[in-house]
Enquirer: 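Mind looking over this structure? Questions follow.
Naming convention: chains lettered A, B, ... in sequence-line order (proteins, then strands); numbering from 1 in each chain.
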Amino acid sequence: MKSTATTMDAYQLLHKGALALARAERQGIRIDMEYCEKKKAHLTRKIEYLTKKVEASPLYSAWSGLYHNKTNIDSNPQLSRVLYKSMGITPPKVTGNGEGSTDEDTLGKIEGVPALEWILEMRKLRKIRDTYLEAFIREQHDGYIHPFFNLHTVRTYRSSSDRPNFQNIPKRDKEAKRITRRALLPRPGHMLIEADYSGIEVSISACYHKDPVMIKYINDPSSDMHLDMARQIYLMPDLLKEGPGKLLRQSAKNGFVFPQFYGDYYANNAAGICEWAKLPSGRWRPGQGVASPTGGTVSDHFISKGITSYDQFVEHIKAIEADFWGRRFQVYSKWKESWVAQYQKRGYLDMYTGFRCSGIMKKNEVVNYPIQGSAFHCLLWSFIRLDEIMRKENWDTRLIGQIHDSIIMDVNPDELDYVKQVTTRVATEELPAAWKWINVPLSIDIDEYGVDQPWI
DNA sequence: GGAACTCGCCAC
DNA sequence: AAACGTGGCGAGTTCC
């Protein structure tokens, strides 16, 4: 049943992986240079306009009064001093070093200083221009970027990417996504596709802890762990995935379930969920928060259920956390304990994929490393195998990159159906056949982006 | 003038 | 008692 890998197997995976990734690096990704230059100039004009607005604000008067000819609108330490020392505002949040924070969340909480909104907008546009478009222009050669994919830099034996980093191109923010991804093109006459493993870290975690409740969630497509958690958190037993329930499910997934898997705890979760649901701190009043499927808003619903303040909500989430690990996923919880105990006894941990992590680790790291590492190794194995088939069968299609649980390909449209079929077979049949420790079904999604269309 | 640091922010 | 896992990178700043 076990038949896990040896150190030599792990070495072979790294060796073959490095070769397959090098071929993708050499292939590269086509860049629309004309677009990048045009958009960069456009963003620069917008940033200059916002700069002028800030310079005409009362905030800037205080700022330049402090710093004179050293005044720098891009300096967060300067902004922190102006707001929290000079203007006497109490910092809504502080950084790890005890300085008043100037991140988006914090500035958003400060009222009566309209220039802060313009500063946040400038920050966002600068990020898009300087981290992405400029990097594409700087790193391109003959119209193609060649991001590196490293296998030797990450403690968990995941990968990293640099020059430029191909693994952090915006996806959540609609505007940033559109502007940056419009710069990336397939070769002329080709198209881009992205094949991603669905919920691979959850599936791989189940291979380690073998929790029957989790395995049932994975095996039964009609069940939905995140929806069940949303029902429990929002005290709505009949909540549906569609309509207004969609946002509540998302808040449960990204505000509770995933953070809990990474080792977070209820107080942070309560804050996270309230951010999603737009619920305030302090006492709750009717009409606050996002729309509720039960009618009215979520604060209306919570008040009707007896939860009338943020503090009461924290206690509610505390009880849900205790239920999550003490009842729902108790086998998972026991595995975490014994896995940590085993590490403390031996001083190292072994992954099913043959890799060993040693050295001083925190509990959360001990639990997370094998899951994160092994999940990526599933992707790497699939990447190597696809690269092998692609070359043996002389495909015109090319592998061009990888983002931890997904593979990006530059596809000849005539080969599309076949490429999709082989990719699905490799990822969902060949891999589980090769690695016997995989005890749950794996599935992938393939997104297609049309001929000469941006990867969005 | 470069190394090392902090902070903020993008991804999984 | 503790309390979110893994990265890269740009800008500002400080140190040597």
Side-chain angles (χ1 to χ4, degrees), chain A residues 67 70-81 93-107 119-120 122-136 138-139 147-173 175-177 179-181 194 196-202 204-205 254-272 317-318 321 325 336 340 357 361-376 379 401-406 408:
Chain A
Y67 286 95
K70 294 261 196 272
T71 304
N72 182 349
I73 201 173
D74 297 340
S75 165
N76 288 328
Q78 288 189 11
L79 175 59
S80 179
R81 196 170 147 218
K93 197 170 82 183
V94 293
T95 68
N97 277 351
E99 301 294 333
S101 175
T102 59
D103 65 15
E104 184 181 4
D105 183 50
T106 309
L107 296 189
I119 287 175
L120 287 177
M122 287 174 59
R123 249 190 220 169
K124 187 184 146 184
L125 300 180
R126 267 208 312 272
K127 173 93 178 170
I128 296 170
R129 184 190 64 180
D130 299 345
T131 306
Y132 300 104
L133 299 184
E134 281 227 303
F136 295 161
R138 186 181 66 241
E139 301 293 342
F148 288 82
F149 296 98
N150 312 299
L151 295 176
H152 65 289
T153 61
V154 182
R155 299 159 64 90
T156 62
Y157 300 101
R158 237 199 197 182
S159 68
S160 69
S161 170
D162 61 12
R163 292 177 290 165
N165 184 350
F166 188 63
Q167 296 179 321
N168 73 345
I169 299 169
K171 187 171 190 174
R172 287 160 203 168
D173 182 278
E175 187 189 15
K177 174 180 178 174
I179 296 172
T180 54
R181 294 189 178 220
E194 177 165 8
D196 67 297
Y197 272 111
S198 11
I200 185 87
E201 284 200 13
V202 172
I204 295 309
S205 81
N254 298 317
F256 183 85
V257 179
F258 282 157
Q260 280 288 336
F261 287 161
Y262 288 137
D264 204 2
Y265 83 122
Y266 64 89
N268 288 339
N269 298 153
I317 298 300
K318 184 179 180 179
E321 179 190 86
W325 294 112
K336 290 202 290 184
V340 169
C357 294
M361 290 174 246
K362 292 182 281 188
K363 281 184 182 180
N364 286 345
E365 294 172 331
V366 174
V367 170
N368 281 320
Y369 284 10
I371 297 168
Q372 188 179 104
S374 309
F376 170 68
L379 189 282
Q402 152 278 124
I403 313 179
H404 307 305
D405 68 353
S406 76
I408 293 89

Enquirer: Taking S80(A) for the side chain and G100(A) for the main chain, is one N or O donor matched with an acceptor at less than 3.5 Å?
Expert: yes
Enquirer: Excluding sequence neighbours, so at least two apart, what forms ring pair (Phe, Tyr, Trp, His ring centres under 6.0 Å) with F376(A)?
Expert: none
Enquirer: Return the set of residues passing salt bridge (Lys or Arg N to Asp or Glu O under 4.0 Å) with E321(A) (not counting sequence neighbours), or none when no residue passes.
Expert: none
Enquirer: I'd like to check the ring pair (Phe, Tyr, Trp, His ring centres under 6.0 Å) partners of F261(A); sequence neighbours left out, ordered by chain and number.
Expert: F324(A), Y332(A)
Enquirer: Return each pair, listed once, that meets salt bridge (Lys or Arg N to Asp or Glu O under 4.0 Å) where at least one residue sits in residues 259-268 of chain A; pairs must be two or more places apart or across chains.
Expert: none
Enquirer: Between T153(A) and N76(A), name the one whose nearest nucleotide on DNA chain C is closer to the 5' end.
Expert: T153(A)
Enquirer: Which part of the nucleic acid, if any, lies within reach of F258(A) when heavy atoms closer than 4.0 Å are counted: base, sugar-phosphate only, or nothing?
Expert: nothing
Enquirer: For DNA chain C, whose closest nucleotide is more 5', that of E321(A) or that of D130(A)?
Expert: E321(A)
Enquirer: Reading DNA chain B from 5' to 3', where do the contacts with chain A start and stop? Cut-off is 4.0 Å to heavy atoms.
Expert: dT6(B) to dC12(B)
Enquirer: Determine whether a donor-acceptor pair (N or O, by modelled atom type, separation under 3.5 Å) exists between the side chain of Q78(A) and the backbone of K70(A).
Expert: yes
Enquirer: When all nucleic acid strands are considered with a 4.0 Å heavy-atom cut-off, which category describes E365(A): base, sugar-phosphate, or nothing?
Expert: sugar-phosphate
Enquirer: Would you mind listing every salt bridge (Lys or Arg N to Asp or Glu O under 4.0 Å) that reaches into residues 148-170 of chain A, with sequence neighbours excluded?
Expert: R158(A)-E201(A)
Enquirer: Describe the nucleic acid contact of R129(A) in one word from base, sugar-phosphate, nothing, applying a heavy-atom distance below 4.0 Å.
Expert: nothing
Enquirer: Determine the contact category for T180(A): base if any of its heavy atoms lies under 4.0 Å from a base atom, sugar-phosphate if only primed atoms, P, OP1 or OP2 are that close, otherwise nothing.
Expert: nothing
Enquirer: Tell me what P259(A) touches on the nucleic acid: a base, only sugar-phosphate, or nothing, going by heavy atoms under 4.0 Å.
Expert: base
Enquirer: If the condition is salt bridge (Lys or Arg N to Asp or Glu O under 4.0 Å), which residues does E99(A) pass it with, not counting sequence neighbours?
Expert: none
Enquirer: So, does T180(A) use its side chain to make a donor-acceptor pair with the main chain of I169(A) at under 3.5 Å?
Expert: no
Enquirer: Taking K124(A) first and then E175(A), would you say they form a salt bridge - that is, a charged N and a carboxylate O separated by under 4.0 Å?
Expert: yes
Enquirer: If you look at every strand shown and take non-hydrogen atoms under 4.0 Å, does R163(A) touch a base, only sugar-phosphate, or nothing?
Expert: sugar-phosphate
Enquirer: Contact class for K171(A) (heavy atom, under 4.0 Å): base, sugar-phosphate, or nothing?
Expert: sugar-phosphate
Enquirer: Checking Y157(A) now: which residues fulfil ring pair (Phe, Tyr, Trp, His ring centres under 6.0 Å) with it, not counting sequence neighbours?
Expert: F355(A)
Enquirer: Going 5' to 3' along DNA chain C, which are the first and last nucleotides with any atom under 4.0 Å from a heavy atom of chain A?
Expert: dA3(C) to dT13(C)
Enquirer: Give a yes or no on whether the backbone of D74(A) and the side-chain of N72(A) come within a donor-acceptor separation of less than 3.5 Å.
Expert: yes
Enquirer: Go through residues 93-105 of chain A and report each residue with a non-hydrogen atom lying under 4.0 Å from DNA chain C, sorted by number.
Expert: none
Enquirer: Just jot down the ring pair (Phe, Tyr, Trp, His ring centres under 6.0 Å) partners of Y262(A), sequence neighbours excluded, or say none.
Expert: none
Enquirer: Counting the atoms with a prime plus P, OP1 and OP2 as sugar-phosphate, which does E134(A) contact under 4.0 Å by heavy atoms, base, sugar-phosphate, or nothing?
Expert: nothing
Enquirer: What does the inter-axis angle of the helix from dG1(B)-dC16(C) to dC12(B)-dG5(C) come out as, five pairs per end, nearest 10 degrees?
Expert: 0°
Enquirer: With a 4.0 Å cut-off on heavy atoms, is N368(A) in touch with a base, just the backbone sugar-phosphate, or nothing at all?
Expert: sugar-phosphate
Enquirer: Just to be sure I understand the rule, does Y369(A) reach a base, reach only the sugar-phosphate, or reach nothing, if contact means heavy atoms closer than 4.0 Å?
Expert: sugar-phosphate
Enquirer: Between S159(A) and L151(A), is there a donor-acceptor pair closer than 3.5 Å when you use the side chain of the first and the backbone of the second?
Expert: no
